Peer 1: 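Here it is, the structure, as structure tokens.
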Amino acid sequence: MVTSTQFLASLAVLSSAVSASIYAPYNVRNQGVPAGQLKNVSGIEMYISYPPNANTSTRALLYVSDIFGVPLLQNKLLADSLAANDYLVVMPDLFAGDAISVEEQEAGLNLTDWRALHPSSEIDRIINTTLAALKADFGVEKVGGLGYCFGGKYVPRFLKNGGLDLGFIAHPSNLQEAEIGGIENPISIAAGTLDNSFNATAKFRAEEILKINNVTFQSNLYYGAPHGFAVRVNQSVPLQAYAKQASFVQAVTWFDAWL
Ligand SMILES: *[C@@H]1O[C@H](CO)[C@@H](O)[C@H](O)[C@H]1NC(C)=O
Ligand SMILES: *[C@@H]1O[C@H](CO)[C@@H](O)[C@H](O)[C@H]1NC(C)=O
Ligand SMILES: *[C@@H]1O[C@H](CO)[C@@H](O)[C@H](O)[C@H]1NC(C)=O
Ligand SMILES: *[C@@H]1O[C@H](CO)[C@@H](O)[C@H](O)[C@H]1NC(C)=O
Ligand SMILES: *[C@@H]1O[C@H](CO)[C@@H](O)[C@H](O)[C@H]1NC(C)=O
Ligand SMILES: *[C@@H]1O[C@H](CO)[C@@H](O)[C@H](O)[C@H]1NC(C)=O
Ligand SMILES: *[C@@H]1O[C@H](CO)[C@@H](O)[C@H](O)[C@H]1NC(C)=O
């Protein structure tokens, strides 16, 4: 029988291992200098992280970001950490240089007008263009999609024939049941108990819909994990450090097994 004190103590050990920032597969890197490159592909600025051993992989990951986008260090380091597991990872700038900064969000910026400037039709177009470029310019045959927060709405929209072969979403924002109902290809979901954007009820509904539609899925609920936990956490809070690291492993094992 593990007491809750023992459990928290072991989490603290894990969290210090995580913040040791070992750049290795299955460890998400939380600090340091990004290893990827910025490139303008098909008119879209993209952050591209290459697999360490070869540039000939026919499997790639398309990273659909949160509102903080390419400028956010944690997004780039997360893309690099995925690439370290032998994937070409591409994160398109969804907002044409107009990503929100963490400071602006924390100051309570009203996002209504910003959202109107970046409608679904435009985000869909950017994802479509990125997918086409991966296949035409990079020789990729299979593409997995990762969607975090804002991006968690879009990966499901492309999980069908001719789109993404496999998906992973964490704490999606504004994800509609109709979008979940349209999913055809397998999906892995990471949710947090402290996330009001995609709470335990929404997660349960998503699972029901996927089951009814006979879609292969896998899901985890992380206790004490707030919105954004797969990207931005307070590393001093063991439950948050754990949720970020564990959801990273969730994504990598999912793509390793099925992409
Ligand atoms: C990317 O290239 C297109 C032309 O192909 C150009 O219109 C656009 O401004 C470029 N974007 C950036 C961020 O350099
Ligand atoms: C892969 O391509 C990138 C960009 O051209 C380059 O920086 C990197 O060194 C290449 N990696 C290998 C292992 O060839
Ligand atoms: C945010 O801005 C929109 C449009 O400018 C406005 O209609 C709305 O009332 C604002 N919301 C808040 C909470 O201020
Ligand atoms: C994506 O592009 C394909 C053609 O390559 C088109 O059929 C499809 O409607 C596009 N989807 C979106 C969401 O733009
Ligand atoms: C989740 O949110 C919905 C509506 O936003 C609410 O009805 C439901 O009770 C919430 N579930 C939980 C577990 O908090
Ligand atoms: C569900 O999908 C599997 C393959 O993924 C298929 O073998 C099975 O027949 C399907 N079942 C139903 C009820 O459609
Ligand atoms: C992170 O968590 C620690 C421990 O609870 C707390 O002291 C600190 O203020 C938090 N940092 C931020 C930026 O919230």
Side-chain angles (χ1 to χ4, degrees), residues 4-5 7-9 11-16 18-19 21 30-31 34 36-48 63 65-66 68-76 90-108 117-118 122-123 125-130 132-134 136-138 149 152-153 169-180 189-209 219-245:
S4 117
T5 313
F7 179 67
L8 286 175
L11 280 185
V13 170
L14 175 71
S15 119
S16 63
V18 170
S19 54
S21 176
N30 292 298
Q31 45 195 301
Q37 299 169 9
L38 286 169
K39 276 200 183 148
N40 189 331
V41 180
S42 308
I44 298 164
E45 190 82 348
M46 300 189 187
Y47 179 78
I48 304 177
Y63 187 122
S65 76
D66 53 22
F68 309 115
V70 173
L72 185 78
L73 176 66
Q74 300 306 337
N75 278 329
K76 292 193 280 262
V90 173
M91 170 167 47
D93 172 11
L94 304 172
F95 313 116
D98 187 33
I100 299 293
S101 71
V102 171
E103 294 71 26
E104 285 173 314
Q105 196 221 27
E106 284 174 353
L117 287 172
H118 307 286
E122 178 59 7
I123 307 297
R125 185 191 71 78
I126 291 169
I127 294 172
N128 230 359
T129 305
T130 308
L134 276 170
D137 306 347
F138 292 85
C149 305
K153 176 186 181 68
I169 59 172
H171 39 76
S173 305
N174 201 21
L175 176 59
Q176 306 298 308
E177 289 190 358
E179 290 166 329
I180 298 166
I189 301 172
T193 58
L194 301 181
D195 180 14
N196 293 328
S197 305
F198 189 75
N199 67 17
T201 308
K203 172 179 169 287
F204 181 74
R205 270 298 295 159
E207 291 161 347
E208 290 294 294
I209 293 168
S219 60
N220 283 325
L221 182 62
Y222 294 94
Y223 180 78
H227 187 64
F229 71 85
V231 180
R232 295 167 61 235
V233 292
N234 182 337
Q235 288 291 340
S236 307
V237 180
L239 284 170
Q240 292 189 22
Y242 171 79
K244 179 168 179 182
Q245 168 63 20

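Atoms within a ligand are numbered from 1 in the order they appear, just like the ligands themselves. Position 1 is the first residue of the sequence, and the numbers go up from there. Everything numeric in this text was worked out from a predicted model, so none of it was measured. Only heavy atoms go into these numbers, but all of them, side chains included; no hydrogens, no water, no symmetry mates.
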Peer 1: Can you check whether a protein heavy atom sits less than 4.0 angstrom from atom 11 (N) of ligand 7?
Peer 2: yes
Peer 1: Go through His171 and Phe198 one step at a time and tell me if the ring-ring contact (aromatic ring centres under 6.0 Å, His included) criterion holds.
Peer 2: CA-CA 6 Å; His171 39 76; Phe198 189 75; 9.5 Å; no
Peer 1: Heavy atoms of the protein only: does one fall short of 4.0 Å from atom 14 (O) of ligand 5?
Peer 2: yes
Peer 1: When you look at Lys244 and Asn30, which way does the side-chain contact (heavy atoms from CB on, under 4.5 Å) test go after all the steps?
Peer 2: CA-CA 10 Å; Lys244 179 168 179 182; Asn30 292 298; 2.8 Å; yes
Peer 1: Counting only heavy atoms on the protein side, is anything nearer than 4.0 Å to atom 2 (O) of ligand 7?
Peer 2: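 At least one protein heavy atom is under 4.0 Å away.
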Peer 1: Tell me, with the steps shown, if Cys149 and Phe68 meet side-chain contact (heavy atoms from CB on, under 4.5 Å).
Peer 2: CA-CA 10 Å; Cys149 305; Phe68 309 115; over 6 Å; no
Peer 1: Please identify which atoms of ligand 1 are closer than 4.0 Å to at least one heavy atom of Glu45.
Peer 2: 12 (C), 13 (C), 14 (O)
Peer 1: Decide yes or no for Thr193 and Leu221: does some side-chain heavy atom of the first lie under 4.5 Å from some side-chain heavy atom of the second?
Peer 2: yes
Peer 1: Determine, counting only non-hydrogen atoms of the protein, whether one lies under 4.0 angstrom from atom 8 (C) of ligand 5.
Peer 2: yes
Peer 1: Is the closest side-chain donor-acceptor distance between His227 and Asn196 under 3.5 Å?
Peer 2: no
Peer 1: Suppose I only count heavy atoms of Asn234 and a 4.0 Å limit; which atoms of ligand 7 are within that range?
Peer 2: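 That gives atoms 1 (C), 2 (O), 3 (C), 8 (C), 10 (C), 11 (N), 12 (C), 14 (O) of ligand 7.
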Peer 1: Write out the residue and atom name of the closest protein heavy atom to atom 4 (C) of ligand 5, then the distance separating them to 0.1 Å.
Peer 2: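 Here the closest protein heavy atom is Asn199 ND2, 4.8 Å.
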